[in-house]
Participant: 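Structure below; questions to follow.
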Amino acid sequence: MSDIFKNLNPKQVEAVKIINGPVLVISGPGSGKTRCLTHRVAYLISSGIDPNDILAVTFTNKAADEIKERIQQLLKIENYKLKIQSASPTIGTFHSICLRILRREAPLLGYKSSFTVFDEDDRLSLIKKVMARLEVDAKRYNPQIFVRRISKLKTELIYPENYKPNDFFTRLLAKIYAAYQQDLRTANALDFDDLIALTVRIFKNHPEVLDHYQDRWKYVLIDEYQDTSFDQYSLTKLLSQKYKNIFAIGDDAQSIYAFREADIRNILNFQKDYPETKVIFLEQNYRSTKNILAAAQNIISNNQNQVPKTLWTDNEKGEEIFIKEALNERAEAGFIAEKISEFAGRGYDFNDFAVLYRTHAQSRAIEEFFIIHSLPYQIVGGIKFYERKEIKDILAYIKVLVNPSDMVSFERIYNIPARGLGKTVFEKILNSGEKDLIEAVGTLADKDEKSKQGQSLRKFYKTLRGLKKQINAGIASLIQNIIKTTGYEEYLKGLSASKNDAYANFEERMENLKELLTVAKKYDNIEGGGGVENFLAEIALMQNTDTLKTGVKSQNGANKKVTLMTIHSSKGLEFPVVFIAGMEEGLFPHSRSVLDPQELEEERRLCYVAVTRAKEKLILSYAQRRNIFGSTQMNLPSRFIGEIPQNTIKYAATGIDDDYEEKIYY
DNA sequence: CTGTCGTTTATTTTT
DNA sequence: TAAACGACAG
């Protein structure tokens, strides 16, 4: 029993031990948030609570996996006498948990349980289609605007039937929204926002269903509560309404996703929602030096909208925060590269370094200088595995086989590989009135047996029918069959042969398909894996290969790399040495945010997140001039620099060794 | 279908 | 500046 508390400080113990009633844990950066959460779950189980009664919700798959793993380890150590062998708590992302609920309950809303999940791409394609149909000029109105607005409405739980437009644009939006939602229905598909919002709708409209899930999960834990949006907030509130055993953990100061509808008020108002709440502050920081922590603290203290708290640490004072003024972004990049080379010789590995920036565009200059200095690096946030064409193509085939009403996926594949079918035929198939698009192909083929096109249709029909039969024969073999019977490999060969497609070479694409096969095989091997539908859905809810490859990452130092990424993607991570580049007014805080006090506060939180990633060394830099969209801008140093206490700062010498441009071009 | 040309637009993105 | 997209010609 005692092992659960062994590595916890008194505050953490307190948070872990309160079993009943609402608990809010405000957990500062580096204060052991995940530890607190996982130990709490372990403690609940050790106190005799049925693991089945526990639900833990996270935002990312990565977080869910980490929590699962750590709980398992804890329970192994504790070696409980309990039934934990057979039962385990439910741990997953908001989306995956709602997916599971909807697989059972979607018929209540008139969707088939086998519904497809549309990802970001599918959703955009569908919006474009809708706009074309309604003759909305895509030049005048960027389709993305509608995607965003609709997404926003859904997180506010507003659907077309209760949306009240009030001017020309919103009337247009309402029209598109209604058509889009209708099309989703026709396709028997849900988008990401639907997963949450429709679950909430079911809970609201069907009290008996809500009651069932309230009893199913009597203990609800939510990670990163500051990042919840209104729909997610509503969901957790409904779920925990009956037993009120809600445990929310997070840090208002690290709320940086307002632009994705995260609403900081959810955490700020938690006590209003649950008057019985016990609030616990985790303020001891185990990560950073005193200097770094002081800097972070001073920066964030300039925000009005926050829960007051005082972080402290037993760590040593550490070095001063290093600030470098560079002539331009190239000089800045050169400085960072040289510093890393210098430190790397003194006991640091390359993966001890992170270079953080506000915008992706900043990575280019840095990258260039890393190459010049032969520094190994990786950029986080590049092309996502599942967004690659070859992966999307094959998945689209599977989607059509599973859900022949999915016109978005069908549109993707009807002429890939090229089989002489054009847009006109596609429209015909779509407007045939047949719900099953595969059958529509067959019917159309029957109509004209003779023509070249008719024969092509017949062949396509046969291919799809043949594949459909193998749908339950294992996902891996299904994929192999798709590649074989459609001639996809030859198609890829042809693609890479056309000179324009330089970077997407054949071998690389085949490698990616192999990777997909590996995932599929893994999935096939899970007993009761839930079949193709769930394979597709889970993939839709998963972004990077990294998520899949955890554990494969080499630990042996063979390929240690400096990490380059946006501050947003650095949340939750830590590094011994952190560089924050582009500390300039207009860039950070971003010019789009400086006018609105709310947005400025979010930028400040972003800065707080960035600074608190650092364990030992923190190096900030800014450029006097920066090339931005072709023209040179002169920016003042970021106001955030001025919010750091002077006695923790050391300014680097400027001027003398700044001529990096000369160094390259002489 | 493919390539070219002009136009547009450039913050962050857990699902 | 440059890259991404869409229109349109071949």
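Note on naming: letters A, B, ... go to the chains in the order of the sequence lines (proteins, then strands), and numbering restarts at 1 for each one.
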Participant: Can A/Asp251 and A/Arg605 be counted as an ion pair, charged N to O under 4.0 angstrom?
Facilitator: no
Participant: Looking at CD1 of A/Ile567 and CD1 of A/Ile256, how far apart are the two atoms once the value is rounded to the nearest 0.5 Å?
Facilitator: 8.5 Å
Participant: When the P atoms of C/dA4 and B/dT11 are compared, how many Å lie between them, rounded to an integer?
Facilitator: 15 Å
Participant: Give a yes or no on whether a salt bridge exists between A/Lys129 and A/Glu411, defined as a side-chain N under 4.0 angstrom from a carboxylate O.
Facilitator: yes
Participant: So which nucleotide from B/dT13, B/dT12, B/dT15 ends up closest to the side chain of A/Thr359?
Facilitator: B/dT12
Participant: Could you tell me the separation between the NZ atom of A/Lys154 and the C1' atom of B/dT15, rounded to a whole number of Å?
Facilitator: 14 Å
Participant: Classify A/Asp227 by what it touches in the nucleic acid, base, sugar-phosphate, or nothing, heavy-atom distance under 4.0 Å.
Facilitator: base
Participant: Expressed as a whole number of Å, how far does the P atom of C/dA3 sit from that of B/dT14?
Facilitator: 22 Å
Participant: Is the A/Tyr177-A/Tyr180 ring centre distance short of 6.0 angstrom?
Facilitator: no
Participant: If only side-chain N and O atoms of A/His360 are considered, is one of them under 4.0 Å from the OP1 or OP2 phosphate oxygen of B/dT13?
Facilitator: yes
Participant: When you list every nucleotide of DNA chain C with an atom under 4.0 Å from a heavy atom of chain A, which one comes first 5' to 3', and which comes last?
Facilitator: C/dT1 to C/dG6
Participant: Planes under 30° and centres closer than 5.5 Å, is that true for A/Phe629 with the base of B/dT9?
Facilitator: no
Participant: Give one of base, sugar-phosphate or nothing for A/Phe94, where a contact means two heavy atoms less than 4.0 Å apart.
Facilitator: nothing
Participant: Round to the nearest Å and state the distance from A/Met583 atom CE to B/dT11 atom P.
Facilitator: 19 Å
Participant: So which one's nearest nucleotide on DNA chain B is more toward 5', A/Thr93 or A/Ile256?
Facilitator: A/Ile256
Participant: Is any side-chain N or O of A/Arg592 closer than 4.0 Å to OP1 or OP2 of B/dT11?
Facilitator: yes
Participant: Determine, using ring centers only, whether A/Tyr357 and A/His568 are less than 6.0 Å apart.
Facilitator: no
Participant: Take the protein atom CD1 of A/Ile580 and the nucleotide atom P of B/dT12, then report the distance between them rounded to whole Å.
Facilitator: 17 Å
Participant: Are B/dT12 and A/His568 stacked, with the base six-membered ring and the side-chain ring centres under 5.5 Å apart and planes under 30°?
Facilitator: no
Participant: Could you check A/Phe94, A/Phe247, A/Phe270 and say which one makes a ring pair (Phe, Tyr, Trp, His ring centres under 6.0 Å) with A/Tyr225?
Facilitator: A/Phe270
Participant: Would you mind reading off the distance between A/Gln232 atom CD and B/dT15 atom P, rounded to a whole angstrom?
Facilitator: 12 Å
Participant: Quickly work out the A/Gln144 CD to B/dT8 P distance and round it to whole Å.
Facilitator: 18 Å
Participant: Measure from CD on A/Glu601 to C1' on B/dT12 and round the result to the nearest Å.
Facilitator: 18 Å
Participant: Picking from B/dT11, B/dT13, B/dT15, which would you name as closest to the side chain of A/Arg358?
Facilitator: B/dT11
Participant: Looking at A/Phe640, I'd like to know if the NZ or CZ of A/Arg604 sits under 6.0 Å from its six-membered ring centre while staying within 45 degrees of the ring's axis.
Facilitator: no
Participant: Apply salt bridge (Lys or Arg N to Asp or Glu O under 4.0 Å) to the pair A/Arg260 and A/Asp227, showing each step before the final yes or no.
Facilitator: CA-CA 9 Å; A/Arg260 286 183 51 110; A/Asp227 286 336; over 6 Å; no
Participant: With nearest nucleotide decided by heavy atoms, which residue, A/Ala418 or A/Thr566, maps closer to the 5′ end of DNA chain B?
Facilitator: A/Ala418
Participant: Scan A/Arg123 against the nucleic acid and name what it touches under 4.0 Å (heavy atoms): base, sugar-phosphate only, or nothing.
Facilitator: nothing
Participant: When we call it a touch if two heavy atoms are under 4.0 Å apart, what does A/Lys128 touch: a base, just sugar-phosphate, or nothing?
Facilitator: sugar-phosphate
Participant: Calculate the interatomic distance between A/Gln226 atom CD and B/dT14 atom P; express it in whole Å.
Facilitator: 15 Å
Participant: Any side-chain N or O of A/Ser569 less than 4.0 Å from the OP1 or OP2 oxygen of B/dT12?
Facilitator: no
Participant: Would you say the side chains of A/Glu390 and A/Tyr491 form a donor-acceptor pair under 3.5 Å?
Facilitator: no
Participant: Base, sugar-phosphate, or nothing: which does A/Glu602 touch, judged by heavy atoms less than 4.0 Å apart?
Facilitator: nothing
Participant: In whole angstrom, what separates A/Arg626's CZ from B/dA10's C1'?
Facilitator: 15 Å
